[in-house]
Protein chains: 2
Amino acid sequence: MTISEENYLKVIYHLSLVSPKGVNTNAIAGMLDTKASSVTDMLKKLAEKDVVTYKKYQGVSLTNNGLLQAKKIVRRHRLWEVFLVEKLQFTWDEVHEIAEELEHIKSEKLINSLDAYLDFPAFDPHGDPIPNEKGEIKKQEKQLLSEMPTGVVCKCVGVKDSSADFLQYLDKQKITLGSEIKILEKETFDELIKVEVDAKEVILSNKIAVNLYVQ
Amino acid sequence: MTISEENYLKVIYHLSLVSPKGVNTNAIAGMLDTKASSVTDMLKKLAEKDVVTYKKYQGVSLTNNGLLQAKKIVRRHRLWEVFLVEKLQFTWDEVHEIAEELEHIKSEKLINSLDAYLDFPAFDPHGDPIPNEKGEIKKQEKQLLSEMPTGVVCKCVGVKDSSADFLQYLDKQKITLGSEIKILEKETFDELIKVEVDAKEVILSNKIAVNLYVQ
DNA sequence: AATTAAATTTAGACAAAACTAAAAATATTT
DNA sequence: AAATATTTTTAGTTTTGTCTAAATTTAATT
Ligand SMILES: [Mn+2]
Ligand SMILES: [Mn+2]
Ligand SMILES: [Mn+2]
Ligand SMILES: [Mn+2]
């Protein structure tokens, strides 16, 4: 598997979580910042290698083998993110780019040793679950902050958007994984939400609320 | 810089330590397991990028910039080797291959954080010096065991050959970095050397002696 | 149902990095 | 110094992954 092939697999995996009946060529192109024609070429190659099933004009989906491969890449990505934050003191907005490179280092022993060294973390710095060696993912029930009713107290457990911009904005609002959030008031007109984060009042826009996972 | 270009630079660097007046096309091809014609192509490209000076048929040498680049790659390689041994409990014969991949991860912050995390090691698991951020190398005086006279007591500080085969053979003989070696007898006929390693007598072949650095 | 729009695929081209085979330059022998 | 051997370079292909432009298929509108 080349780095390019791995990047395609990973993107197809992420997209298939949202649209399980088949992933569009254009969606893949968008995520990889490439052209649809390039995607078509690659899909044929991946189908040839039996990691995706591909029917012209019908989109792709991962085979069992492709799914396992993809999860292994995700596992590597997220373990490296944990390493960078826990051991090298990186912040959660700095790790993604570097993990994009590190995820392609292929050594089972390396990644399993790293896993043990980090004490078998279940989640990465953005609250995303880390697949185990067999690709199994322990999934937690979590909801978007925007879906929670007024009055409840919940805990921030993840982000949907993990762009540096969004993460830095959360830093500014003093919201981190584990923060207690009490929903004080939801404005129906402009969808602003007044919340209490760790005993301080904050106004959050809908854009924040639809990208923050709580429990 | 692509991974391929980095691999060329690193090899040219290593070869230029042995032949400072210019590195041969064939020597590079041998180290990279490629063909001389491929090397010629790449040398032109590297010259274009001003990291090597190249005159047809005259071999190459690194420019100041190329030298710095090469040292940075070597720095990354050796720091990752230290990480694998010190933190992930890899043995010294297992780290080279993985470091060959890790050395291409390009993030100044990553490598400097790693350096600090490892407590700024001066040497890698094979006794090779680790360049600092500026490419400066603190070089130690060391000699090959084969060059030492009878009677002296010296300390193993490095290996010239760092192939897994050689390293595992040293393991078998209980020779590691730091081992005390007393030269008891040198046989001129077959060049075998009788030594005492940490109070145990061992016979070493010349092939071992010319690949072991002592101090 | 016909038309228009959007998504997808094909065809043909290109750059990077490798290869083989042949030509040219340099080194080594005789 | 001439002949031979070795090293290096050139010329022409190949593979991978990308691109643009054009053709085709599917989806959405009128
Ligand atoms: Mn990430
Ligand atoms: Mn993450
Ligand atoms: Mn090494
Ligand atoms: Mn080493």
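Only heavy atoms go into these numbers, but all of them, side chains included; no hydrogens, no water, no symmetry mates. Order of the sequence lines fixes the chain letters, A, B, ..., with proteins taken first and strands second; residue numbering starts at 1 for each chain. None of these values were measured; they are calculated from a predicted model.
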Is there a side-chain contact between Y13(B) and I73(B) in this structure, where contact means two heavy atoms from C-beta onward sitting under 4.5 Å apart?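 Y13(B) does not reach I73(B) side chain to side chain.
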
Rounded to the nearest angstrom, tell me the gap between atom [atom1] in [X] and atom [atom2] in [N].
| X | N | atom1 | atom2 | value |
| --- | --- | --- | --- | --- |
| M42(B) | dC19(C) | CE | C1' | 14 Å |
| K35(B) | dT13(D) | NZ | P | 19 Å |
| D33(B) | dC19(C) | CG | P | 9 Å |
| Y8(A) | dT16(D) | OH | P | 14 Å |
| Q58(B) | dT26(C) | CD | C1' | 9 Å |
| I3(A) | dT18(D) | CD1 | P | 11 Å |
| D41(B) | dT9(D) | CG | C1' | 9 Å |
| E5(B) | dA15(C) | CD | P | 16 Å |

Classify T25(A) by what it touches in the nucleic acid, base, sugar-phosphate, or nothing, heavy-atom distance under 4.0 Å.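 Counting heavy atoms under 4.0 Å across all strands, the contact made by T25(A) is with sugar-phosphate only.
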
Verify side chain to side chain donor-acceptor pair (under 3.5 Å) between D93(B) and T91(B), making sure each step is shown before the conclusion. CA-CA 5 Å; D93(B) 59 304; T91(B) 54; 2.6 Å; yes

Is [X] near enough to [N] that one of its side-chain N or O atoms lies under 4.0 angstrom from OP1 or OP2?
| X | N | value |
| --- | --- | --- |
| K56(B) | dT7(D) | no |
| N24(A) | dT8(C) | yes |
| Y54(A) | dT8(C) | no |
| K44(B) | dT10(D) | yes |
| T40(A) | dT9(C) | yes |
| N26(B) | dT8(D) | yes |
| T34(A) | dC19(D) | yes |

Nearest-nucleotide check on DNA chain D, S4(A) vs Y57(A); residue mapping nearer the 5' end is S4(A)

Ranking L43(B) and S38(A) by the position along DNA chain D of their nearest nucleotide, the one closer to 5' is L43(B)

Quiz question: going by heavy-atom distance under 3.5 Å, is there a donor-acceptor pair between the base of dT20(D) and the side chain of S37(A)?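 Such a pair is found, so the answer is yes.
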
Does K87(B) qualify as a cation-pi partner of Y117(B), given the criterion of NZ or CZ under 6.0 Å from the six-membered ring centre and within 45 degrees of its axis?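 Yes, K87(B) sits over the ring of Y117(B).
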
Regarding K207(B) and D161(B), does a basic nitrogen lie under 4.0 Å from an acidic carboxylate oxygen?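 Answer for the salt bridge query: no.
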
Could you tell me whether E101(B) and K106(A) have a side-chain N and a carboxylate O separated by less than 4.0 Å?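 No, no charged N to carboxylate O under 4.0 Å.
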
